[in-house]
Amino acid sequence: MTEPVTIKEKVTVVIPGLTRSYTFLHISDAHITHAYDTDSDAEKAMAEKQANAWNQADIFPVDAFANVLEYADETKPDAILMAGDIVDYYTESNVKYLGEMLASCKTECLYVPGNHEYGAYAGTLPSVADMRATLSPLMRGTPDFWVRDFEDFLIVGVCDATYRFTPEQVEKLRAVIAQGKPILMMLHLPIRSEVLTPYCEKSWRGCDVTIGGAFHGTGDANEEFLSLIKSEESRVAAIFAGHLHYDHAGEFAPGRMQYVSAPAFTRFVREVNVIPG
C-alpha cells in the first residue's frame with residue numbers, strides 16, 4: 001500500500017439477536033476522476049482539472065480511493081459501505097474505471113449513488129436510462145433501492161441523489177420493514193435531525209442540505225419515507241451517509257444513530273462494528 005489509511009473513527013452498533021459480530025468500513029465522497037487514452041482532449045482536461053481540485057496533500061482522489069480498497073483487502077471487513085459521490089461526475093469512462101477498481105477488490109462493496117453520480121458536473125448527461133444501465137451493475141442491479149441480506153439483519157441502500165424519495169421507494173421500504181429484520185440503511189444525503197442541522201447550517205452557509213431540511217424541502221414521499229425510517233416498527237438501527245464533507249455522528253431517532261462520513265479523498269474511513277446486544 002503506497003500510503004497508510006488511518007481509521008479516523010470506530011463506532012459500535014448493537015443489534016440484539018445477532019449470531020456473530022460484523023465489521024464494515026464506511027466511506028463516501030471519493031470524487032475520483034479518470035480518462036482513458038482514447039478519450040477526447042476535453043475529457044482528459046476535465047479529469048485532470050477535477051483531480052487537482054480535490055487533491056489533498058499531493059494525493060489524488062483516485063489514489064486515496066485505491067488506498068482504501070487496499071486497506072480493506074488487508075483487514076478483510078464484511079463489506080465496504082460506499083455512501084455516494086464515489087465518482088466526481090458521470091461519464092462512461094469514470095464509471096468503467098470505478099468498475100475495474102471494484103472488480104479488483106477482494107472485499108464486497110455496497111454502493112449507493114450520490115448527486116455527483118447523477119449530476120451534470122462535466123457537461124451534459126446521457127439519458128437517464130443509459131446512466132442507470134451503466135451504474136446498475138455496481139449497485140446490486142438498481143441504483144434506486146437494493147437490499148443485501150446478512151441473515152441476522154439487512155443492509156438497505158436507497159438513492160436520494162435527486163434530493164427526493166419516490167412513492168416507489170416508500171412502498172419498497174414498507175415491504176422490507178414487513179420482513180421484521182433489523183436494518184442498516186445507506187443514503188448519500190443524510191436525513192434531517194435536531195443534532196445534525198446546526199452543524200450542517202454552519203458548514204453550508206446557513207443551509208440545511210439534509211433530506212427533510214429547509215433547502216431541499218420535503219414533499220409527501222419524503223415525509224412518508226422519513227416517518228417510516230424513524231418509526232420503531234422500521235427497526236432501522238443506524239444510517240450511513242455522506243455528502244456534507246465532514247464527519248458527524250448523532251441520533252436521528254432516540255437511541256438510533258446516523259453516521260456521516262468525511263470525504264474518502266482525505267482518506268477518512270470509519271470502522272463500524274456491529275455486535276450482538
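For reference, positions follow the sequence shown, starting with 1.
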- prompt: Quick one: do Glu224 and Arg174 make a salt bridge, cutoff under 4.0 Å?
  reply: yes
task: Could you tell me whether the side chain of Asp149 reaches within less than 4.5 Å of the side chain of Lys181, counting heavy atoms only?
output: yes
- prompt: Has the side chain of Ser234 got a donor or acceptor atom that lies under 3.5 Å from a matching backbone atom of Lys230?
  reply: no
- request: Output, in order, the C-alpha distance, side-chain angles, deciding distance and verdict of side-chain hydrogen bond (donor to acceptor under 3.5 Å, both in side chains) for Thr23 and Asn273.
  value: CA-CA 5 Å; Thr23 299; Asn273 296 293; 3.2 Å; yes
- prompt: Under 3.5 Å, side chain of Asn55 to main-chain N/O of Ile59, donor-acceptor pair present?
  reply: yes
statement: For Gly242 and Ser28, the nearest pair of non-hydrogen atoms, with its separation, is CA-OG, 3.3 Å
Residue pair Thr75 / Thr107, side-chain heavy-atom distance below 4.5 Å: no
task: Tell me yes or no: between the side chains of Tyr90 and Thr134, is some donor less than 3.5 Å from an acceptor?
output: yes
message: Run Ser261 and Asp247 through side chain to side chain contact (heavy atoms under 4.5 Å, CB included) and show every step you take.
response: CA-CA 5 Å; Ser261 175; Asp247 67 295; over 6 Å; no
Between CZ on residue Phe252 and CD1 on residue Ile239, distance to nearest 0.5 Å: 4.0 Å
- request: State the CZ-CG distance between Arg192 and Asn222, to the nearest 0.5 angstrom.
  value: 13.0 Å
- request: Check whether any side-chain heavy atom of Val11 sits under 4.5 Å from a side-chain heavy atom of Met257, and report yes or no.
  value: no
- prompt: Is the Tyr36 to His34 ring centre distance short of 6.0 Å?
  reply: yes
message: For Glu232, is the CD atom crowded, meaning more than 12 foreign heavy atoms sit under 6.0 Å from it?
response: no
message: Between Ser227 and Ser231, does the side chain to side chain contact (heavy atoms under 4.5 Å, CB included) criterion hold? Intermediate values first, please.
response: CA-CA 6 Å; Ser227 178; Ser231 70; 5.7 Å; no
task: Output yes when a side-chain donor or acceptor of Asp85 lies under 3.5 Å from a complementary backbone atom of His116, and no otherwise.
output: yes
message: Can you list, by chain and residue number, the hydrophobic cluster partners of Ile275 when the side-chain cut-off is 4.5 Å?
response: Val14
If you look only at distance, which donor and acceptor atoms sit under 3.5 Å apart when one is on a side chain in residues 151-161 and the other is two or more places apart or in another chain?
residue : atom : partner : partner atom : Å
Asp152  : OD1  : Thr19   : OG1          : 3.4
Asp152  : OD2  : Thr19   : N            : 3.0
Asp152  : OD2  : Thr19   : OG1          : 2.7
Asp152  : OD2  : Tyr22   : OH           : 3.0
Asp160  : OD1  : His188  : N            : 3.1
Asp160  : OD1  : Leu189  : N            : 3.1
Asp160  : OD2  : Leu189  : N            : 3.2

For the student: nearest non-hydrogen atoms of Tyr89 and Asn94, plus distance: O-ND2, 2.9 Å
query: Between Glu201 and Pro198, is there a donor-acceptor pair closer than 3.5 Å when you use the side chain of the first and the backbone of the second?
result: no
- prompt: What closest approach, in Å, do Leu226 and Gly212 show between heavy atoms, and which atom pair accounts for it?
  reply: CD1-CA, 3.9 Å
query: For His243, does its backbone N or O pair with a side-chain atom of Asp29 as donor and acceptor, under 3.5 Å?
result: yes
- request: Could you give me the CA-CA distance, side-chain angles and deciding distance for Arg20 and Asp78, then say whether salt bridge (charged side-chain N to carboxylate O under 4.0 Å, His left out) is met?
  value: CA-CA 12 Å; Arg20 69 174 179 89; Asp78 290 280; 3.0 Å; yes
Backbone N/O of Gly180 and side chain of Arg235: donor-acceptor pair under 3.5 Å: yes
- prompt: Does any non-hydrogen side-chain atom of Lys172 lie less than 4.5 Å from one of Val147?
  reply: no
message: When you measure from the side chain of Trp146 to the backbone of Tyr111, do you find a donor-acceptor pair of N or O atoms at a distance under 3.5 Å?
response: yes
field: Exam field: side chain Glu117 to backbone Ile86, donor-acceptor pair closer than 3.5 Å
entry: yes
message: Check whether Asn52 reaches the backbone of Glu48 with its side chain - one donor and one acceptor, N or O, closer than 3.5 Å.
response: yes
message: I'd like to know if the side chain of Gln169 reaches the main chain of Thr166, judged simply by a donor and an acceptor atom lying under 3.5 Å from each other, with no hydrogens or angles considered.
response: yes
query: Could you give the distance from CZ (Arg267) to CG (Asp63), rounded to the nearest 0.5 Å?
result: 8.0 Å
field: Close side-chain approach of Tyr118 to Val128, heavy-atom, < 4.5 Å
entry: no
Chi angles and distances behind the side chain to side chain contact (heavy atoms under 4.5 Å, CB included) call for Phe240, Leu187: CA-CA 6 Å; Phe240 299 93; Leu187 305 170; over 6 Å; no
message: Ring centres under 6.0 Å, that's the criterion: do His245 and His31 meet it?
response: yes
field: Lys/Arg-Asp/Glu bridge criterion (N-O < 4.0 Å) met for Lys202, Asp208
entry: no
- prompt: Is the closest side-chain heavy-atom distance between Phe268 and Ile27 below 4.5 Å?
  reply: no
- prompt: What's the shortest heavy-atom distance between Pro276 and Ser21, and which atoms?
  reply: CD-OG, 3.5 Å
- request: Output the distance between atom CD1 (Ile183) and atom CZ (Arg256), rounded to the nearest 0.5 Å.
  value: 10.0 Å
- prompt: Are more than 12 heavy atoms from other residues, nucleotides or ligands located less than 6.0 Å from atom CD of Glu251?
  reply: yes
task: Decide, yes or no, whether a salt bridge links Arg132 with Asp144 under the criterion of side-chain N to carboxylate O below 4.0 Å.
output: yes
- prompt: Looking only at heavy atoms, which two atoms of Ser104 and Asp73 are closest? And how far apart?
  reply: O-OD2, 4.2 Å
- request: Walk me through it: do Leu173 and Phe165 pass the test side chain to side chain contact (heavy atoms under 4.5 Å, CB included)?
  value: CA-CA 11 Å; Leu173 179 60; Phe165 295 113; over 6 Å; no
Plane angle bin for Phe265 and Trp54 - parallel if under 30°, tilted between 30 and 60°, otherwise perpendicular: tilted
query: Say you draw a straight line from CD1 of Ile211 to OG of Ser193; how long is it, rounded to the nearest 0.5 Å?
result: 13.0 Å
- request: Could you tell me the separation between the CZ atom of Phe65 and the CG atom of Asn67, rounded to the nearest 0.5 Å?
  value: 11.0 Å
- prompt: Between His248 and Tyr199, does the ring centre distance come in under 6.0 Å?
  reply: yes
- prompt: Would a 4.5 Å heavy-atom cut-off, applied to side chains only, mark Leu98 and Leu138 as touching?
  reply: yes
Electrostatic pair Asp37-Lys44, nearest N-O below 4.0 angstrom: no
query: Should Glu108 and Lys106 count as an ion pair when the cut-off is N to O under 4.0 Å?
result: no
query: Are Phe24 and Phe150 near enough that their ring centres are under 6.0 Å apart?
result: yes
- prompt: Does some side-chain heavy atom of Leu102 sit less than 4.5 Å from a side-chain heavy atom of Met82?
  reply: yes
task: Please report the shortest heavy-atom distance between Pro143 and Pro113, naming the atom on each side.
output: O-CD, 3.6 Å
